*Asks:* 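Quick one: the structure is below, questions incoming.
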Amino acid sequence: MIKAVTGTRDTLPSDIPKWNYLESSVKSVFSNFNYKEIRTPVFEETNLFARGIGEATDIVGKEMYTFLDRSGESITLRPEMTAGVVRAFIEHSLDKKQNLNKLFYIGAMFRQERPQAGRFRQFHQFGAEALGSNDPLLDAEMIIMAYEIFSRLGLKNLLVKINSLGVPSSRENYKNILKQYLAPHFALLSSESKKRFETNILRLFDSKEEADRKIMENAPLLIEYLDEESLNHFEKVKQALLSTGIPFEVDARLVRGLDYYTHTTFEVVSGSVGSQSALCGGGRYNLLVKELGGPDLPGVGFAAGMERILLACENEKSFEPEEEKIDLYMVALDKGLENFIYGTAVKFRRNGISVDLDYLGRSVKAQMREANRTNAKYVLLVGGEEFSRGEVVLKNMANGEQKIFDKNDFEKILLSIKEN
RNA sequence: GUGAGCAUAGCUCAGUUGGUUAGAGCAUCUGGUUGUGGCCCAGAAGGUCGUGGGUUCGAGCCCCAUUGCUCACCCCA
């Protein structure tokens with residue numbers, strides 16, 4: 001038997017209602033904040049991600065689905081969407097059409113990692129990017145939108161963590177201070193951390209190695225060395241969150257894995273999923289647009305993992321998607337009525353009524369069971385004595401009431417069904 | 001890439017110290033109502049016990065290998 005590739009999965013018809021509910025919640029929140037949807041290709045030139053996300057990151061280093069296409073060009077399935085959105089923004093000079101572009105997306109991403117609870121190789125994210133403004137209100141807006149979506153889904157058990165990475169100059173300054181602090185302890189660091197000492201020293205705060213943690217416990221924090229401008233920016237973000245009633249916690253050790261962040265970084269974690277508890281993450285990236293060859297414009301954004309969100313929703317039973325119903329099921333009481341029944345069914349369908357009927361030659365009882373299973377609001381019974389008198393019976397499945405109609409009085413039956 | 005656990009019907013799972021024809025619930029189908037669903041009752045169908053080897057008179061059960069899944073690490077949404 002051929003099975004779905006490791007880390008990918010099918011979304012069966014029975015799973016679709018909750019996905020639809022999630023997607024429509026996402027779209028309505030983004031629409032309330034006036035973000036416009038953007039769709040970009042699922043694959044891009046490999047270079048885009050290498051430059052945009054950072055060569056030293058795990059995503060680029062070991063998780064990308066990269067291959068050569070038939071012309072020998074290196075192609076990569078997108079592991080995240082920010083790089084693609086920024087590429088499209090630059091390519092189409094969106095900054096010339098309006099000064100601030102507020103964009104959102106929903107789509108599939110690909111990373112070759114070992115699957116586990118809340119982690120897949122093909123997974124789905126929604127997210128937003130605001131390009132063209134350095135306003136701290138937009139940093140806060142990302143968090144507010146994510147939080148609003150989670151609230152509308154009924155999620156509790158959430159923790160918003162924020163931090164600031166400052167501007168490059170104060171960060172470089174701080175990195176030197178951190179290096180000085182770590183130098184005497186260098187020999188005790190884990191081998192992975194020794195590597196990061198050179199490549200991305202801030203990530204040492206993420207380490208779960210006991211030895212590293214002990215050393216990092218007393219390390220100086222970036223937030224203590226932020227310049228005036230960065231502190232100011234961070235303060236305004238916090239004020240905006242306070243004024244809109246979003247509970248949050250400053251986590252000075254929160255460091256995002258991607259290279260492009262400046263100023264604000266944040267994450268929302270859930271206590272209702274497995275160990276992969278980050279439902280969303282994001283931050284400001286004032287250097288990325290220029291880095292990818294565009295104008296020197298600031299940006300801020302976030303991405304949220306949809307499988308993780310649904311997992312949290314299921315564990316919390318936070319919402320119950322409405323069960324799917326059809327308007328009408330047509331039942332044949334005897335054979336030889338196919339033409340009338342099928343013709344009438346199509347006529348109803350053309351009038352916007354959802355209709356189904358038996359295609360398996362089943363008994364009346366089985367047809368009624370099927371009508372019940374599909375949550376049909378009405379059943380139209382065709383056949384027998386009534387039909388030979390020129391009549392059909394419309395049965396209301398909720399209360400069992402039956403009404404008799406002239407079989408040619410389509411409009412009256414239609415009206416009766418539409419009433420409900 | 002590393003580690004641990006699991007693999008029996010469509011689904012969720014039983015299966016006693018290895019011993020005849022491998023079970024249940026749910027779902028499916030048929031009937032109880034010659035033309036009427038949900039509840040109930042009766043019955044039916046459905047399994048190379050993941051795969052390949054081995055031990056044994058005998059393996060779903062023990063051993064080895066292999067594949068897959070799950071969870072965790074790394075890292076991330």
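In what follows, chains carry the letters A, B, and so on, assigned in the order in which the sequence lines appear, proteins first and then strands, with residues in each chain numbered from 1. What you see is a predicted model, and the numbers here were worked out from it, not measured in a lab.
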*Asks:* Between the side chains of A:N157 and A:S270, does any donor sit under 3.5 Å from an acceptor?
*Replies:*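 Side-chain D/A pair, A:N157 to A:S270: absent.
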
*Asks:* Round to a whole Å and report the spacing from CG of A:N396 to P of B:rG38.
*Replies:*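 My rounded result for the distance is 17 Å.
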
*Asks:* Which is true for A:A303 with a 4.0 Å heavy-atom rule: it touches a base, it touches only sugar-phosphate, or it touches nothing?
*Replies:*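 Touches sugar-phosphate only.
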
*Asks:* For residues A:Y181 and A:H185, establish whether the separation of their ring centroids is below 6.0 Å.
*Replies:*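 Yes, close enough.
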
*Asks:* I want to confirm an ordering. Mapping A:G7 and A:M368 to their closest nucleotides on RNA chain B, which one lands closer to the 5' end?
*Replies:*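 The answer here is A:M368.
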
*Asks:* Could you measure between the two P atoms, the one in B:rU70 and the one in B:rC11, and give it in whole Å?
*Replies:*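 That atom pair is separated by 14 Å.
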
*Asks:* Do the two ring centres, one from A:F104 and one from A:F33, sit under 6.0 Å apart?
*Replies:*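 Not under 6.0 Å, so no.
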
*Asks:* In whole angstroms, how far is the P atom of B:rA77 from the CD1 atom of A:I143?
*Replies:*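 In whole Å, B:rA77 P lies 15 Å from A:I143 CD1.
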
*Asks:* So, does the side chain of A:Q367 form a donor-acceptor pair with the base of B:rG35 at under 3.5 Å?
*Replies:*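 Answer is no: no donor-acceptor pair is held.
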
*Asks:* Look up atom NZ in A:K62 and atom CD in A:E113, then write down how far apart they are to the nearest 0.5 Å.
*Replies:*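 Between A:K62 NZ and A:E113 CD, I get 8.5 Å after rounding to 0.5 Å.
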
*Asks:* For the side chain of A:N372 and the base of B:rG37, is some donor closer than 3.5 Å to an acceptor across the two?
*Replies:*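 Checked by distance alone, the answer is yes.
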
*Asks:* For A:F120 and B:rA72, what is the distance between atoms CZ and P respectively, to the nearest whole Å?
*Replies:*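 Rounded to the whole Å, the gap is 11 Å.
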
*Asks:* With a 3.5 Å cut-off and just heavy-atom distances, do the side chain of A:K395 and the base of B:rU36 make a donor-acceptor pair?
*Replies:*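 Check passes, donor-acceptor contact within cut-off.
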
*Asks:* Given the C1' atoms of B:rA44 and B:rU48, what is the spacing between them in whole Å?
*Replies:*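 Their C1' atoms lie roughly 23 Å apart.
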
*Asks:* Under 4.0 Å, heavy atoms only, any strand: does A:E385 hit a base, just the sugar-phosphate, or nothing?
*Replies:*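 Touches a base.
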
*Asks:* With P as the reference atom in both, quote the distance from B:rC64 to B:rU55 in angstrom, rounded to an integer.
*Replies:*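 So the two P atoms sit 15 Å from each other.
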
*Asks:* Check this for me: does the side-chain of A:R308 come within 3.5 Å of the base of B:rC76 through a donor and an acceptor?
*Replies:*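 By the distance-only test, yes, there is a pair.
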
*Asks:* Any side-chain N or O of A:Q116 below 4.0 angstrom from OP1/OP2 of B:rC71?
*Replies:*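 The answer is no; no side-chain N or O of A:Q116 sits under 4.0 Å from OP1 or OP2.
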
*Asks:* Which whole-number value in Å describes the distance from A:L328 CG to B:rG37 P?
*Replies:*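 So the two atoms are 17 Å apart, to the nearest Å.
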
*Asks:* B:rC73, OP1 or OP2 - any side-chain N/O from A:Q276 closer than 4.0 Å?
*Replies:*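 Answer yes for this pair, as a side-chain N or O of A:Q276 is under 4.0 Å from OP1 or OP2.
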
*Asks:* Is there a donor on the side chain of A:K3 or the base of B:rG50 sitting less than 3.5 Å from an acceptor on the other?
*Replies:*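 Under the 3.5 Å cut-off, the side chain and the base do not form any donor-acceptor pair.
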
*Asks:* Checking only heavy atoms, does the side chain of A:Q402 share a donor-acceptor pair with the base of B:rU36 at less than 3.5 Å?
*Replies:*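 Counting by modelled atom types and ignoring angles, a donor-acceptor contact under 3.5 Å is found here.
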
*Asks:* Counting C-beta onward and ignoring hydrogens, is there a side-chain heavy-atom pair between A:Y261 and A:L288 closer than 4.5 Å?
*Replies:*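 Side chain of A:Y261 against side chain of A:L288, heavy atoms only: no contact under 4.5 Å found.
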
*Asks:* Looking at A:E148 and A:R152, does any basic side-chain N land under 4.0 Å from a carboxylate oxygen?
*Replies:*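 Salt bridge flag = yes for A:R152 with A:E148.
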
*Asks:* Checking all strands, does A:L333 fall into the base, sugar-phosphate, or nothing category for heavy-atom contacts under 4.0 angstrom?
*Replies:*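 Here A:L333 touches the bases of the nucleic acid.
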
*Asks:* Could you measure between the two P atoms, the one in B:rG5 and the one in B:rG10, and give it in whole Å?
*Replies:*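 My reading of the P atoms in B:rG5 and B:rG10 gives 28 Å.
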
*Asks:* A:Q112 near the nucleic acid: base, sugar-phosphate alone, or nothing, with a heavy-atom cut-off under 4.0 Å?
*Replies:*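 Touches nothing.
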
*Asks:* How is A:G127 classified with respect to the nucleic acid when contacts are heavy atoms under 4.0 Å: base, sugar-phosphate, or nothing?
*Replies:*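 Here A:G127 touches no strand at all.
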
*Asks:* Looking at A:R373, does any N or O in its side chain come under 4.0 Å of the phosphate oxygens OP1/OP2 on B:rA27?
*Replies:*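 Negative; the distance criterion is not met.
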
*Asks:* For a quick check of understanding: with a heavy-atom distance under 4.0 Å over all strands, which category does A:R362 fall into, base, sugar-phosphate or nothing?
*Replies:*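 Contact class for A:R362: sugar-phosphate only.
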
*Asks:* Is the phosphate of B:rC76 approached by A:T57 (side-chain N or O, under 4.0 Å from OP1 or OP2)?
*Replies:*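 No, outside the criterion.
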
*Asks:* Applying a 4.0 Å non-hydrogen cut-off, can you work out what A:G274 is touching in the nucleic acid: base, sugar-phosphate, or nothing?
*Replies:*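 Sugar-phosphate contact only.
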
*Asks:* Have a look at A:G384 and say if it touches a base, only the backbone sugar-phosphate, or nothing, with a 4.0 Å heavy-atom cut-off.
*Replies:*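 Base, at least one base heavy atom under 4.0 Å.
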
